[in-house]
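Side chains included, hydrogens not; waters and symmetry mates left out as well; all remaining heavy atoms used.
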Amino acid sequence: MSQLRCPENKLRDFDLKLSVSRWLKTGIKILAGLILLTVLFVIGAMLYVTYNKGRVLKMVSGELNQKLDGQLTIGDMKPQLFKRFPNISLELKDVTIRDKRFAEHNHTLLDAKEFYVSLNAFSMLTGKASIDRIDINNATADLYTDSTGYSNLSVFKKSPKKLTQEPASKSVPPEFQLFSFSNLQLKVDDRSKNKLFYFDVKSLSGRMQSPGTGWQAGFHMDVLAKNMSFKTRNGSFIQDKTINGNFEATGDDEGKIILNSDAVNIGPNQFKFDAVFGANKRPADFKIHLTCNQISWGQASQLVAANIRRKLDQYNVSEPVAVTALIEGSFAGGNPFLYITAKVRNSKVSTPVTVFDNCGFYAIFTNEFEKGKGFTDNNSVIRFMRFSGSYKQVPFNIDTGSIININRPIATGNIRANFPAARLNEIMGNKIARFTQGRATAYLHYRGDIVNYQLNKPFVTGYINIKDADITYIPEKLKLINSSLSMTFTRNDLMLRNIRLQSGHSVITMNGRVKNFMNLYYTAPEKMLLIWEIRSKQLYLGEFLSFLEGDGAKPSRKSKPASNSGNAIDQLSNVLEKGAAAMHLDVSKVYYNKFLATDVHADL
């Protein structure tokens with residue numbers, strides 16, 4: 001029986017396959033018919049546009065003019081069948097938008113050689129063109145505001161105020177869902193606020209959508225920033241730098257816009273970019289934050305305005321630095337708030353007058369040193385924190401240092417140092433003393449003007465200690481061994497304590513004081529009086545005579561400074577030459593040749 005059923009099963013399978021095949025063929029025919037119908041409809045629409053160009057142009061112009069209060073002109077219109085199929089693309093030639101006062105200022109808001117509009121073909125049956133995409137190529141956009149505050153953006157109609165509150169539409173206007181710009185020259189020239197932004201938009205394209213509340217957008221842009229001046233007299237930020245990257249943007253119903261990119265290239269360097277724009281405010285405000293993990297000093301300098309760049313270009317850091325920048329302000333005008341940070345590691349820092357080696361520090365620049373006094377160069381400050389480095393082989397640390405007012409800079413800070421005394425030799429330049437043994441420690445608070453990029457006439461408080469040192473006093477070739485020195489700088493005076501000098505068989509202990517030291521050191525060293533208290537158990541006068549008389553302290557005629565110097569080390573030679581000394585001696589035994597004196601007390 002099973003053998004008899006097999007032909008029946010095969011027959012049923014055959015009928016099923018035949019039925020499926022018929023339905024598949026029918027479906028394919030229907031689909032092909034729909035596609036053909038769509039193509040025929042689009043072709044018909046294209047023919048309609050071609051033979052009714054004037055009517056369609058009037059429809060498109062009417063749709064665009066609903067948002068304009070000025071003059072819109074379209075030179076020509078050509079349909080493009082397959083550019084945005086199945087929609088109909090219209091190529092508008094020589095599109096210009098001008099406000100009513102164009103004849104006064106001669107700034108055309110938009111001059112587009114190629115303006116592509118994508119239309120919903122089915123919407124044309126209703127007599128109203130629905131635009132769902134705009135592409136603009138080879139165009140110039142000039143957003144101009146004159147000195148009185150009038151802007152050619154007034155060409156766009158303001159929405160009339162509604163008497164009753166109605167729920168706001170949360171959808172994105174159709175013409176902004178898809179957009180593309182290429183070869184667009186965008187200029188924002190605000191004469192009333194002295195702002196100038198000029199961008200060469202090589203390409204910018206993206207999509208916007210409404211998720212229910214607000215809107216979201218993603219786009220890519222390749223733009224050359226020719227000028228970005230928040231204050232034209234200060235110069236441009238990121239001048240002639242390319243901006244290339246992918247961006248995400250969101251906006252809420254209140255008008256707040258957030259823009260960010262995890263990797264945007266500004267020039268040759270990659271940044272993280274975050275920005276917030278308060279488009280709901282009048283005038284709008286902005287906050288831009290940039291982060292770059294590695295950028296050279298020179299390239300970083302090229303990103304800031306010329307008034308800051310001129311200062312930065314006087315210096316250099318050998319290794320790449322990590323930087324962040326916060327720019328915050330208002331489109332109402334005025335300088336934006338700046339807060340820029342930099343991290344430097346293991347670098348050589350060059351200045352116009354010297355070089356610091358092995359530097360590491362964290363630096364902050366802001367143009368608001370004191371709150372409420374404006375965002376200006378005069379209210380600027382550069383702070384250095386956790387600064388470590390070396391100057392002519394002398395290592396040092398600065399807990400916190402500041403340069404206040406980049407126009408007339410004043411430097412302040414605290415310096416700590418602990419190093420072998422022999423490293424002082426290069427700083428002193430063989431003018432006064434040479435060290436071969438011992439250790440030096442220092443803690444100094446300094447404050448002084450910076451003139452010609454040097455710390456000029458600094459006022460110092462703190463101490464310098466030298467212990468267990470072997471010293472050669474160069475003017476008299478006097479050699480001292482196992483000697484110590486402690487100098488304490490008060491607000492006005494210099495205190496010299498616990499000084500121990502040993503030469504040969506003589507050991508001297510000394511304490512001294514100079515009143516009004518900081519003022520006289522730079523301005524009138526000839527009025528400086530050093531008061532010494534000198535004690536010794538035994539003094540071989542021949543070993544110290546030239547030193548005590550002070551004759552050898554005078555530098556040679558060749559090296560004698562012509563005038564007082566603002567440099568602390570150079571000025572020391574002037575002080576030794578011009579200053580006076582008063583000495584009180586208490587010596588148990590004084591030897592001079594064959595002469596011996598005991599219990600000597602003298603004032604010299």
Side-chain angles (χ1 to χ4, degrees), residues 61 64-75 94-113 115 134 136 138-161 175-176 181 183-201 204 223-241 243 255 257 259 275 277-288 304-307 327-338 367 374-377:
S61 300
L64 294 175
N65 268 312
Q66 289 181 7
K67 295 181 174 62
L68 299 178
D69 184 18
Q71 183 183 11
L72 166 67
T73 61
I74 300 176
D94 301 322
V95 178
T96 61
I97 300 176
R98 294 171 176 171
D99 66 304
K100 291 183 176 180
R101 295 175 58 178
F102 168 77
E104 300 176 22
H105 54 70
N106 293 316
H107 289 266
T108 299
L109 179 63
L110 178 65
D111 184 357
K113 302 303 180 184
F115 194 116
I134 290 179
I136 299 177
N138 304 318
T140 299
D142 188 354
L143 284 63
Y144 173 76
T145 303
D146 67 17
S147 58
T148 67
Y150 173 79
S151 172
N152 62 356
L153 286 173
S154 62
V155 70
F156 296 105
K157 292 180 179 180
K158 295 182 179 180
S159 300
K161 295 183 179 179
E175 58 268 35
F176 292 106
F181 306 94
N183 298 325
L184 169 65
Q185 301 293 316
L186 174 61
K187 187 177 182 180
V188 181
D189 185 1
D190 190 339
R191 305 287 175 85
S192 66
K193 306 297 187 301
N194 296 315
K195 295 180 182 292
L196 178 61
F197 302 141
Y198 185 17
F199 302 99
D200 179 1
V201 182
L204 191 156
V223 174
L224 174 63
K226 292 185 175 181
N227 199 306
M228 199 170 83
S229 298
F230 293 96
K231 205 72 172 178
T232 51
R233 69 169 179 264
N234 291 338
S236 171
F237 287 81
I238 61 174
Q239 186 169 21
D240 296 326
K241 294 294 182 293
I243 306 171
I257 300 173
L259 181 65
F277 299 91
N280 57 325
K281 299 180 180 180
R282 293 294 180 269
D285 57 19
F286 61 89
K287 182 186 291 186
I288 301 171
V304 298
N307 63 318
I327 307 171
E328 184 175 358
S330 169
F331 289 105
N335 293 324
F337 168 69
L338 301 177
N367 59 353
F375 309 133
T376 65
D377 291 348

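Not a single donor-acceptor pair under 3.5 Å links the side chain of D190 to the backbone N or O of K195.
Atoms CG and OG1, from L196 and T232 in turn, are 7.5 Å apart once rounded to the nearest 0.5 Å. Note that the CG atom of N307 and the CG atom of N234 stand 4.0 Å from one another [nearest 0.5 Å]. The distance from the NZ atom of K287 to the CG atom of L259 is 15.0 Å, given to the nearest 0.5 Å.
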**Message:** For F199 and M228: C-alpha separation, side-chain torsions, deciding distance, then whether side-chain contact (heavy atoms from CB on, under 4.5 Å) applies.
**Reply:** CA-CA 8 Å; F199 302 99; M228 199 170 83; 4.1 Å; yes

**Message:** Would I97 and Q71 count as a side-chain contact (heavy atoms from CB on, under 4.5 Å) here? Give the steps.
**Reply:** CA-CA 6 Å; I97 300 176; Q71 183 183 11; over 6 Å; no

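Shortest non-hydrogen contact noted between A305 and G235 is CB-O, 3.8 Å. Of all the heavy atoms in S192 and S147, the pair that sits closest is CB-O, 3.7 Å.
Considering only heavy atoms from C-beta on, I327 comes within 4.5 Å of L338 through its side chain. Residues P336 and E328 have side chains not in contact (no heavy-atom distance under 4.5 Å, counting atoms from C-beta outward). Using a 4.5 Å cut-off on side-chain heavy atoms (C-beta onward), Y144 and R191 make contact. A 4.5 Å side-chain heavy-atom check between N183 and V201 finds every atom pair outside the cut-off.
In this model, no donor atom of one side chain and acceptor atom of the other lie less than 3.5 Å apart for D377 and N367.
For the pairing with K187, the side-chain contact (heavy atoms from CB on, under 4.5 Å) check across T140, D142, L143 returns one residue only, D142. Checked against Y198 for a side-chain contact (heavy atoms from CB on, under 4.5 Å), the options D189, L186, V188, N227 give a single hit: N227.
Evaluation of the side chain to side chain donor-acceptor pair (under 3.5 Å) test over residues 94-104, restricted to residues two or more places apart or in two chains, returns D69-K100, T73-T96, R98-T108, D99-H105, D99-Y150, R101-E104. For the salt bridge (charged side-chain N to carboxylate O under 4.0 Å, His left out) condition, no pair includes a residue of residues 224-233, sequence neighbours left out.
Taking the six-membered ring wherever Trp is involved, the centroid distance between the rings of F375 and F230 does not fall below 6.0 Å.
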